[in-house]
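Each remark here refers to the structure printed beneath this line.
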Amino acid sequence: MEAKIEKGHFIESIIKEDIKNNKNNGKVVTRFPPEPNGYLHIGHAKSICLNFNMANKFNGRCNLRFDDSNPAKEKQIFIDSIKSTINWLGFEFGTPLFASDYFDRLYDFAVELIKKGKAYVCSLNAGDIKKYRGTLTEPGKDSPYRERPVKENIKLFTRMKNGEFDEGEHTLRAKIDMKSPNINLRDPIIYRVKKASHPRTGDKWNIYPMYDFTHCLSDSLEGITHSLCSLEFEDHRPLYDWTLDALETPCHPQQIEFARMNINYTVLSKRKLQKLVEENHVNGWDDPRLPTLEGMRRRGYTPESIRNFCNVIGVSKKGSRIDMGLLESCLRDDLNVKAPRVMGVLKPLEVIIENYPENLTEELTARNHPQKEEMGTRKITFSKQIYVEQDDFMENPPKKFFRLGPGREVRLRYAYLVTCKQVIKDESGNIIRLICTYDPETRGGNAPDGRKVKGTIHWVNANDCIDAKVNLYDRLFKDENPEQGNRDFIENLNPGSLKELELCKLEKSLINARPGKAYQFERLGYFCLDSKNKDSGDTPNRDPVFNRTVTLRDAWAKMKKR
RNA sequence: UGGGGCGUCGUCAAGUGGUAAGACACAGGGUUUUGAUCCCUGCAUUCAGAGGUUCGAGUCCUCUCGCCCCAGCCA
């Protein structure tokens, strides 16, 4: 279920007010502007949802625009990944746009700025530019090139474009105010020489525009009405506005800033995610433990659950650290409704039903969903030899343990009531098998005499199941704040974030599982076939690997902790 | 100690001068062939703090404190 956005957050209020006042002729046009230098993560999802939701809600449009003005960092693979991830999330963006498509026009704008005496070519080197800039508390000094005549500026800028200079020799700077308390206004660089091949424009350009120049003008060129970005660009807004005011532009979009999200027990910065991947602390960008959208997708997160999460957390300007539990709650909410139920045993314990006929196999009916009749039923088989979960047996159970123990009776879901008669161990004392008896009168799980059994456990027919590998994921970090106490976040990695189980026993129907399809393994959690599974294209699946998306809420585990 | 932001329940978050929504979490209870789901109930006399204005302040004013961002030819 999608959360209702009744009252709306502060950005929605601004938009509603603008519509009321017929600003922009009542139109709403937003944009999601990723730089194609990495993969999208859950933090981006917040921005994607915000921008697309606002546009959709007010009958507007949201452009996907790649902010590709730094060819040194950008790659086609990121462009492809970003596009497919946004589609997967469920948003339509039409033809993707690129800031690089505006390079010619941006160049003309730069020339216009020079002609108006509002930009100049500066020939200071990087170190000197830094020195002249001043510091947070000291004003900067004017560059010696600041008063270069327009004609000379044009000539030099043209030569920069033509590739006559090396990187770092000259820059084009906006002429604003070197004494401004806002450092972004101290004659910011708007063009630099960069001899890099661009993924889209190739070697056409020797100079590339900087973000501050590119972004506001791209917004204006696209007729964006509301340019939503994160808080750290608040200081850039005066420059955004200055640029658009200085030039003859189609329109002047309004930049509005909101806080980016943080989630506990994980990290969301591109730099940190990159370190995790490059140093092999995880297995690639789509490792299911990562908060990358590709990782979450592989783990089994649904687009709906992510979108709902983004709605639930709201939008504000307050720095926040959201509880991972909220994300998981949104996930379970969605999966609970969608996922058919099946049975699978992760850590098998063999059970022999001693009074059950030797060569009999019975067919039993199991519901695919306890509440949703329309999801139907399926047949499962039962025989003398089955597997149950090791965790569902205790030799010396406490009073509140409702599962199997010596002499105890439990219900095997959809099958029979069984009682544990004997525990078989190997020489070293490990429990290897349970001998039980069943009550033939309780087929389906109900006792005719009305006696109550408190526990119901899952099981699998040993002669009619498939072997599988199962990956169990847990939080990536031990601490809720991975960088607590200025520690290197790497030291805080949870060594148990991935547990790989082999020889798990799953009910036969799972042989037809497809990646992306969620199942609930009853009493254990939600699982899906790993998309990297080598046989995931085949039916039937010969060597399946399942990922645990999330566990079920577990009151028993909570009780044990206390 | 330059500039820009932000401080409402454990975590998010409504609230726009009229007497603190909601969600997650947590705690109790009910239903249940998943210790799941579902359903009830409880959970801020108080809004970073201190003054002030007002019949009335989380909302207005003043001061104080705390946290975040900015000195890339990154975005």
Side-chain angles (χ1 to χ4, degrees), chain A residues 3-4 6-9 13 33-35 37 67-70 72-74 122 124-126 129-130 133-140 167-173 180-186 188-194 207-208 210-212 214-215 229-238 257 259 261 264 270 312-330 332-333 336-337 341 343 366-367 369-371 400-403 411-415 417 444-446 453-458 480 520-525 551-559:
Chain A
K4 278 181 270 185
E6 282 305 342
K7 298 184 177 170
H9 41 71
S13 305
E35 183 189 13
N37 69 345
D67 221 333
D68 57 348
S69 56
N70 183 4
K73 295 186 176 177
E74 296 149 8
C122 182
L124 250 25
N125 63 36
I129 284 185
K130 193 180 160 103
R133 187 154 36 221
T135 67
L136 292 180
T137 51
E138 303 158 42
E167 289 185 17
E169 272 191 85
H170 305 284
T171 56
L172 183 69
R173 295 229 254 165
S180 172
N182 180 347
I183 292 183
N184 294 302
L185 261 22
R186 317 240 263 231
I189 292 167
I190 56 177
Y191 260 94
R192 76 289 211 190
V193 173
K194 203 158 267 257
I207 54 172
Y208 291 90
M210 296 284 287
Y211 165 83
D212 286 305
T214 310
H215 203 86
C229 63
S230 47
L231 245 31
E232 66 266 34
F233 291 102
E234 215 147 17
D235 287 344
H236 293 244
R237 183 166 11 104
E257 309 84 9
M261 81 163 74
N264 60 13
K270 222 172 253 184
V312 164
I313 60 171
V315 181
S316 75
K317 300 189 73 159
K318 189 173 68 174
S320 63
R321 173 163 243 105
I322 296 158
D323 195 335
M324 176 70 87
L326 182 56
L327 214 205
E328 292 174 340
S329 166
C330 291
R332 290 191 186 105
D333 236 38
N336 176 46
V337 176
R341 266 99 247 235
M343 291 200 281
R367 305 189 56 168
H369 192 109
Q371 280 81 231
K400 292 284 198 170
F401 188 79
F402 306 143
R403 310 175 188 180
R411 173 166 36 236
L412 295 177
R413 176 141 240 226
Y414 298 123
L417 264 31
N446 287 310
V453 257
K454 196 86 170 114
T456 299
I457 65 174
H458 60 277
E480 103 171 58
Q520 186 195 99
F521 290 8
E522 293 209 40
R523 303 210 307 134
L524 295 174
T551 60
L552 256 26
R553 287 232 324 276
D554 190 349
W556 169 244
K558 216 179 279 177
M559 211 183 296

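So that the names make sense, note that chain A is the first sequence line, chain B the second, and so on, each numbered from 1.
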Rounded distance (Å) that lies between atom C1' of U11(B) and atom CG of Asn264(A): 8 Å
Let's go through Phe401(A) and Trp556(A) carefully: what are the C-alpha distance in whole Å and the side-chain angles of both, what is the deciding distance for ring pair (Phe, Tyr, Trp, His ring centres under 6.0 Å) to 0.1 Å, and is it a yes or a no? CA-CA 9 Å; Phe401(A) 188 79; Trp556(A) 169 244; 5.8 Å; yes
In whole Å, I'd like the distance from the CG atom of Asp554(A) to the P atom of U37(B). 10 Å
Euclidean distance, atom CZ of residue Arg367(A) to atom C1' of U37(B) [Å, nearest integer]: 13 Å
On the 0 to 90° scale, with breaks at 30° and 60°, tag the Phe233(A)-Tyr211(A) ring pair as parallel, tilted or perpendicular. tilted
The answer to which of Lys317(A) and Met559(A) contacts RNA chain B further toward the 5' end, by nearest nucleotide, is Lys317(A)
Rounded to the nearest Å, what distance is computed from the CG atom of residue Asp333(A) to the P atom of nucleotide A36(B)? 15 Å
Nucleotide nearest Leu326(A) (side chain, heavy atoms from C-beta), chosen from A23(B), G10(B), G5(B): A23(B)
Between C70(B) and A75(B), how far apart are the P atoms? Round to whole Å, please. 15 Å
His215(A) to Asp67(A) - nearest heavy-atom pair and separation: ND1-OD2, 2.7 Å
Could you check which nucleotide pairs with U1(B) in any of the strands shown, counting Watson-Crick or G-U wobble with both distances under 3.5 Å? none
Are side-chain heavy atoms of Gln520(A) and Leu552(A) found at a separation under 4.5 Å? yes
Suppose we define a pair by two distances each less than 3.5 Å, Watson-Crick or G-U wobble; what does C6(B) pair with here? G66(B)
Check the distance between G10(B)'s C1' and Ile322(A)'s CD1 and give it to me in whole angstrom. 15 Å
For Gly314(A) and for Arg411(A), locate the closest nucleotide of RNA chain B by heavy-atom distance; then report the residue assigned to the nucleotide nearer the 5' terminus. Gly314(A)
Between U32(B) atom C1' and Arg523(A) atom CZ, what is the distance in whole Å? 14 Å
Mind checking who U16(B) pairs with, Watson-Crick or G-U wobble, both distances under 3.5 Å? none
Could you check how far CD of Glu328(A) sits from P of U37(B), rounded to whole Å? 13 Å
Taking salt bridge (Lys or Arg N to Asp or Glu O under 4.0 Å) as the test, write out the residues that go with Glu35(A), two or more places apart. none
Would you say Thr137(A) places a side-chain N or O within less than 4.0 Å of OP1 or OP2 belonging to U1(B)? no
Let's test this: given Watson-Crick or G-U wobble pairing with both distances under 3.5 Å, identify the partner of U37(B). none
Please work out if Val453(A) contacts a base, only the sugar-phosphate, or nothing of the nucleic acid, heavy-atom cut-off 4.0 Å. nothing
With sugar-phosphate meaning primed atoms plus P, OP1 and OP2, does Arg341(A) contact a base, only sugar-phosphate, or nothing at under 4.0 Å between heavy atoms? base
Closest approach of Arg173(A) and Leu124(A), non-hydrogen atoms and distance? NH2-CD2, 4.1 Å
Which value, in whole Å, describes the distance between the P atoms of nucleotides A27(B) and G3(B)? 48 Å
Distance between the C1' atoms of C26(B) and A44(B), in whole angstroms? 15 Å
Rounded to the nearest Å, what distance is computed from the CZ atom of residue Arg413(A) to the P atom of nucleotide U37(B)? 14 Å
Interatomic distance at P, G58(B) relative to U45(B), whole Å: 13 Å
Applying side-chain contact (heavy atoms from CB on, under 4.5 Å) to Glu167(A) and not counting sequence neighbours gives Val193(A), Lys194(A), Lys195(A)
For a quick check of understanding: with a heavy-atom distance under 4.0 Å over all strands, which category does Glu234(A) fall into, base, sugar-phosphate or nothing? sugar-phosphate
My understanding is that only residues two or more places apart in sequence, or in another chain, count here; which of them pass salt bridge (Lys or Arg N to Asp or Glu O under 4.0 Å) with Arg332(A)? none
Answer with base, sugar-phosphate or nothing: what part of the nucleic acid does Arg321(A) contact at a heavy-atom distance below 4.0 Å? sugar-phosphate
Pair Glu234(A) + Lys317(A): basic N to acidic O under 4.0 Å: yes
Pair partner, C26(B) [Watson-Crick or wobble, under 3.5 Å]: G42(B)
Pull up the glycosidic torsion of G72(B) and say syn or anti, syn being anything within 90° of 0. syn
Could you run through nucleotides 66-75 of chain B and give me one letter per nucleotide, 5' to 3': B if any protein heavy atom sits under 4.0 Å from the base, S if only the sugar-phosphate is that close, - if neither? ---BBBSBSB
Taking atom P in both C63(B) and A71(B), what distance in whole Å separates the two? 29 Å
Checking A36(B), A13(B), C12(B) against the side chain of Ile313(A) (C-beta onward), the nearest is C12(B)
Would you mind reporting whether Tyr414(A) and Glu522(A) have side-chain heavy atoms less than 4.5 Å apart? yes
Counting any heavy atom closer than 4.0 Å, what does Phe521(A) reach on the DNA or RNA strands: base, sugar-phosphate only, or nothing? nothing
For nucleotides A13(B) and U34(B), find the distance between their C1' atoms and express it as a whole number of Å. 33 Å
For nucleotides 26-28 of chain B, which of its nitrogen or oxygen atoms have a protein nitrogen or oxygen under 3.5 Å away, and what is each distance?
residue	atom	partner	partner atom	Å
C26(B)	OP1	Lys558(A)	NZ	3.0
C26(B)	OP2	Lys558(A)	NZ	3.3

So do the side chains of Asn37(A) and Lys270(A) get within less than 4.5 Å of each other, counting heavy atoms only? yes
Separation of the C1' atoms in G66(B) and C47(B), to the nearest angstrom: 16 Å
Considering just the side-chain nitrogens and oxygens of Lys318(A), establish if one lies under 4.0 Å of OP1 or OP2 belonging to U8(B). yes
Identify, with sequence neighbours excluded, every residue that meets ring pair (Phe, Tyr, Trp, His ring centres under 6.0 Å) alongside His369(A). none
C1' gap between U41(B) and U46(B), integer Å: 22 Å
